[in-house]
Each structure stands twice: as C-alpha cells, then as structure tokens.
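Structure first, commentary second.
Just the heavy atoms: all of them, side chains too, but no hydrogens, waters or symmetry mates, feed the values below. Naming: A, B, ... by sequence-line order, numbering from 1 per chain.
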There are 2 protein chains.
Amino acid sequence: MPKRAKKNEEASVEAGNDNKTEPQKKREKRAKEPEAPILYKDPTDKLTNKDGRAANIKMTSWNVDGLRAWVKKNGLDWVRQEDPDVLCLQETKCAEKALPADITSMPEYPYKYWAGSEDKEGYSGVAMLCKTEPLKVTYGIGKEEHDKEGRVITAEFPSYFLVTAYVPNAGRGLVRLEYRKTWDVDFREYLSNLDKRKSVVLCGDLNVAHQEIDLKNPKGNRKNAGFTPEEREGFSQLLAAGFIDSFRELYPEQTNAYTFWTYMMNARAKNVGWRLDYFVLSIALLPSLCDSKIRNTAMGSDHCPITLHLAI
Amino acid sequence: MPKRAKKNEEASVEAGNDNKTEPQKKREKRAKEPEAPILYKDPTDKLTNKDGRAANIKMTSWNVDGLRAWVKKNGLDWVRQEDPDVLCLQETKCAEKALPADITSMPEYPYKYWAGSEDKEGYSGVAMLCKTEPLKVTYGIGKEEHDKEGRVITAEFPSYFLVTAYVPNAGRGLVRLEYRKTWDVDFREYLSNLDKRKSVVLCGDLNVAHQEIDLKNPKGNRKNAGFTPEEREGFSQLLAAGFIDSFRELYPEQTNAYTFWTYMMNARAKNVGWRLDYFVLSIALLPSLCDSKIRNTAMGSDHCPITLHLAI
DNA sequence: CATACAACG
DNA sequence: CGTTCTATG
C-alpha cells in the first residue's frame, strides 16, 4: 500500500490536432471545455449545531467510480465550488503514478493520501485530500486479509479520527457475501478501537442501504448485494457499537434520499437509487453535528457526493 | 465459421435522454448527426480498359479496424457515396449476432457474408457485401490450421473468383512471423488452385508493403511486421505465381501512396504510411483492368479504402 | 493511438 | 451502463 503524501507536480500539456477521431475529440473536450455549470453553496446547509455554535469543519465524500474519468467529467470543478476542508474519494481505480496532474497538483489541498489495490490495477482505491496536515495517516485496518485492496485511509486530527472507506461489495450472486461479513466484523472492531482513543468520523461508500427507506426498491433487493439482511445487520451492529448515521439522525423521515443510481435503465433520471454513502459519527460527536447533506445534483459518477458540517 | 448469408433485418431504436454522460452523448451522436461530408465520385477514375471497353464492375475493399466503431464514424455514408458493386471489409472484430442493424439491413447489398474468429471474440473477421448473388461462397482456404480466425471469404461469380483476405499480422517482435510464412505458402497455393479454374481477384489487407516505394520509412522497418524480407518475398512469390498488383501495375512510379497509417504520432496527417491493402489480379484479368485507386480521404479507420474498376 | 474483450460494479 | 484492464494491431 502506498504510504507517501504528495505535494504539487507540474501539469503535462497535450498538443491539439485536426484529423478528429472520437477519442481525440474526447481529449480535446477535456482540455478545452470552459467549465462545468457554476454551483453555488447550498443555502439550505445548516451551519450551526444545536446550541448555535458555528460549524468550523466541512468534509465531502464521493465515490467517483474511476478518478480519471471523473476528472475528465469536471468533477474537480464541483469540488472547487464545494470547497470542503477534507475531500474523501472512493473507487479511484487508479494507480498513484497514473493520477492526473489536475488532482495531484491541486494547491487547495497540499496534503494528499492515496491507497490503491495491490494486486488488481484499476480496482477499488481511496484517497483523502486535506487543507491542513493530519497528525498521522495510516492505511488499512491492521489485518492482512483486508488490507490489500486499498479500501481504508485513517487520518488522525487533534480532536478526532477521520476514516474513509470503500467497503467490499458483496458481488453479483452474493459471491463475496461471506467475505463481507468478516469485513464487517473486523472493520467494526477497528472503528471501536479508534473510538476508545478519540471520536471517529467515518465516511465513504459503505455498500449497504440500511433500512427500507434507504433505497427505492426494498422489496426486490432483499437478495441483492447492498440490501441483504446480513449487510443491514452489520450496519445496525456498527450503530449499536456507539455510532450514528448522521444523515438519518437529522432527517429521520426523509424519503427518496439516495447517493447511488445504477447507470442502467435510466435509474438516476427516475431517482431509482440507494443510499450507500454515509457520514457515521461517534456518539460523542453528536453535539458537534451541524448538517449532513446529499449533493444529488453533482454529476460525474454513478454516486453523488455527500457533505458534513461539524462544529468542533 | 458462420456460413449463412443475411438479408434485411429490422433496425432497433434507442430512446434519447437528458442526464448526459459521455457515452450517452456518443450514442446520441451516432443516432442524430446529420451526415458525413458529401463525397463525389472521383473524377480521376479511369472507367475504360486499354481497349476502351467500359468498366462494368466496381469493387471496394476496406480494413475497418472494428466494424462497430467504423459504423459510428459514418463509414457507411462513405460507402453509399462510393456505391461499389461489391464491398469487402477486413478486421470487422464483431460476432455476427453483434452486427449493427445499420449494416445488416442495408438494402443496397442484399447478399451479405460474414466470417469471424471462432476462438477470440472481437478479433480479426472479414465480410463481403454484394449487389448480385454469387454462384457460391466459401470460407477459409481449406486448411484447419488457418481457418479458425475468420480471415478469408471466397465468392464465385460467373467469370471470376473474388477472394477477400485479412492476412495474419506477423506481430510485435515478429512473434508470429513463422506462422505467417506457412500462411503465405498455403494461401498462395489456394489462390493458384482457384486460378486454374477461373480468374481471381484478391483484395484486402495483405499485411505487407511490397517494395520500398510502398511505405514511408523502408529503412527503419526491415525488422518490423509488414516489411520483413520474408513477408516481402511471400508477396513476390505470389506475383511470380501469375498475379499482378493492380495499383502498381498502373502507377509504377507513384510514391507516397499508402493505405494505412498508425494512429500513433499523428502519422496520417504527416502521411507516414504503408500500402498494405491491395487488389491483386490473375494475369488473365489484366486486359479487363480499368483502374485501381486509393481513397485516402475516407476516414473512419487507420486504413483507407481502395477501389477497383474492371471491364469484364 | 485505437478497437476490441473481461472483470467488476 | 460505464470504468477499468488486457490483447492486438
């Protein structure tokens, strides 16, 4: 697992040319297209906690489904508008040396951490970009069997741990459900141990819709990856261990709130989605919670980003 | 090897939609874009033979480098303008059942023949589309070892055989040169045997530049696939067996006449190319030869099409 | 550089 | 449906 942080690098340039093939046009598009539509800060974000204390930390998490494609689709323009203090990305599907200069050279985030799959190139992978330097950054959850796929980065800040995770998908036909169950147990133990030392913020694609309210089609998906009783129970046990689902805490009745839509069957246009991406907090952080939002207008992946505001 | 001819089929329709991802735009492009630039019949084509007899058959050969991509790039619009009596395609890289309706339903060519690789999907593959029905169509060259990759279709017409071929590439590092040499021997024997019965027109990607005049960079390519002494000698021996290279016959001094340019290094814009595609004729057809042309303005592949006019 | 495939989601 | 990989050219 790569353990280096990256600072700025020079961008490489590509010359344009004339005999336009499709892929050439694609590249030119990336290079020349002016900007993504301008997004303003969401005026509905609540920027104070229960006691009226002002939010002072903003975090965004996004499963980008291929970082290179997402960059070409101007995902970074959205990030610049959102301007979080920490940006966590999942499913980067990109070796560290293949990262686009657009992101490795981003001056807004001088502290950047990357984890990729050791065996399979272009599989899994997570990243964390920070405006301020963490006290310490670690990779994985301390168990050989889980730490070869670039799924977890943990950053220690003065008053909390920030963990970003891309939880293993149980797979078509649930071929990897048994593995997922062992993951859920070990990951919960990892988080509980952190929680004994400092409060924890966990964010990322947890690859489970917890309750029926968390996906459009609960009935039809009980035997599908992401909504099996085993995966839902795993999430319930995580909460029982002393954590809260920040979005559901604040919006307990909110229906049709999803963070993932399959590319198939025009699911996003019909909002046939799943809530798979979360900010999960140690109970001790509940007083610091200001808002937990789903940015479902941001395009560039089959997941949308989510943003958390804390007053710490 | 598929041995069925195909007639018309219904086109399938795709609904448009709004949340535009890159691949969606690609599909819409294919559906909605008006037309490729209009091409007129080449006024420099010579449409009579030496004796002034009028050409009465027109054939086009094109290595399309992936038929599905080529269709999306409006290759068929060019074909409709060119309007040959027979169209031969190489490197279709497409299973018969995956053929786009745009080509399977083309009414101009009621008689269509397809050959694909048996083992590797999306590899090799040739096709022949005819306005008039051949007396007989066969696939391969009658040798097990050569006939599993969908490289040859032979159509028998009243006064000649038409053979279209995609000759095996000798490969990077010449890994398949030995195989290519056995192919060259067996293919020559196949053509010679046909020639004993009726005159032969051979067209396609023969994967060799015969002489130094046939590629931009002869010096640098003597050890590269397509210009090794062995491959060039194979072509020489084919000619020695009673065949002629129709283009070179008519234009013996013509330099910078190529039919293939690698996509790399902007080779086509600089005309750094190779002449790999040929109409090779039985000597007996020499009196029928009117013209043999390279259509190097036609885009859609890393090869361009070539066209033959005969007065038979 | 570009077209195919497979694996994965 | 879309991103990645690999093989092939």
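Between Glu91(B) atom CD and dT3(C) atom P the separation is 12 Å, expressed in whole Å. Put simply, CG on Asp302(B) is 13 Å from C1' on dA4(C), counting in whole angstrom units. When rounded to the nearest whole Å, the span between CG of Leu174(A) and C1' of dC8(C) equals 15 Å. Regarding Trp274(B), its CH2 atom lies at a distance of 12 Å from the C1' atom of dG9(D), rounded to whole Å. Atoms CZ (Arg151(B)) and C1' (dT8(D)) sit 11 Å apart, rounded to a whole Å. Atom NE2 in His303(A) sits roughly 12 Å away from atom C1' in dG2(D) (whole-Å rounding). Between Asn221(A) atom CG and dG9(C) atom C1' there is a gap of 14 Å when expressed in whole angstrom units. Asn63(B) has its CG atom 17 Å from the P atom of dT8(D), to the nearest Å.
At the phosphate of dT3(D), OP1 or OP2 sits under 4.0 Å from a side-chain N or O atom of Lys73(A). Residue Tyr123(B) has no polar side-chain atom (N or O) positioned under 4.0 Å from OP1 or OP2 of dT3(C). Lys120(B) has a side-chain polar atom (N or O) that falls below the 4.0 Å cut-off from OP1 or OP2 of dT8(D).
Residue order along DNA chain D, read from the 5' end via each residue's closest nucleotide, puts Ala69(A) first among Asn169(B) and Ala69(A).
Of all the residues in residues 204-212 of chain B, not one reaches under 4.0 Å from DNA chain D with any non-hydrogen atom.
Taken from CD in Glu118(A) to OG in Ser124(A), the straight-line distance is 11.0 Å, to the nearest 0.5 Å.
Using a 4.0 Å cut-off between a side-chain N of Lys or Arg and a carboxylate O of Asp or Glu, Asp65(A) and Lys93(A) qualify as a salt bridge. At a threshold of 4.0 Å, the pair Arg180(A)-Asp184(A) counts as salt-bridged, since one of the basic side-chain nitrogens sits closer than that to a carboxylate oxygen. Between Arg222(A) and Glu212(A), at least one side-chain N (NZ, or NE/NH1/NH2) sits under 4.0 Å from a carboxylate O, which counts as a salt bridge.
Relative to the side chain of Arg68(A), the nucleotides dG9(C), dG9(D), dC5(D) differ in distance, and dC5(D) lies closest. Out of dT4(D), dG9(D), dC5(C), the shortest distance to the side chain of Lys93(A) is found at dT4(D).
Across all strands, Phe260(B) comes closer than 4.0 Å to no nucleic acid atom at all (heavy-atom distances).
The ring of Trp274(B) has its center no closer than 6.0 angstrom to the ring center of Trp261(B). For His146(B) and Trp183(B), the ring centers sit closer than 6.0 Å to each other.
Side-chain atoms of Thr259(A) come within 3.5 Å of backbone atoms of Leu276(A) as a donor-acceptor pair (strictly under, hydrogens ignored).
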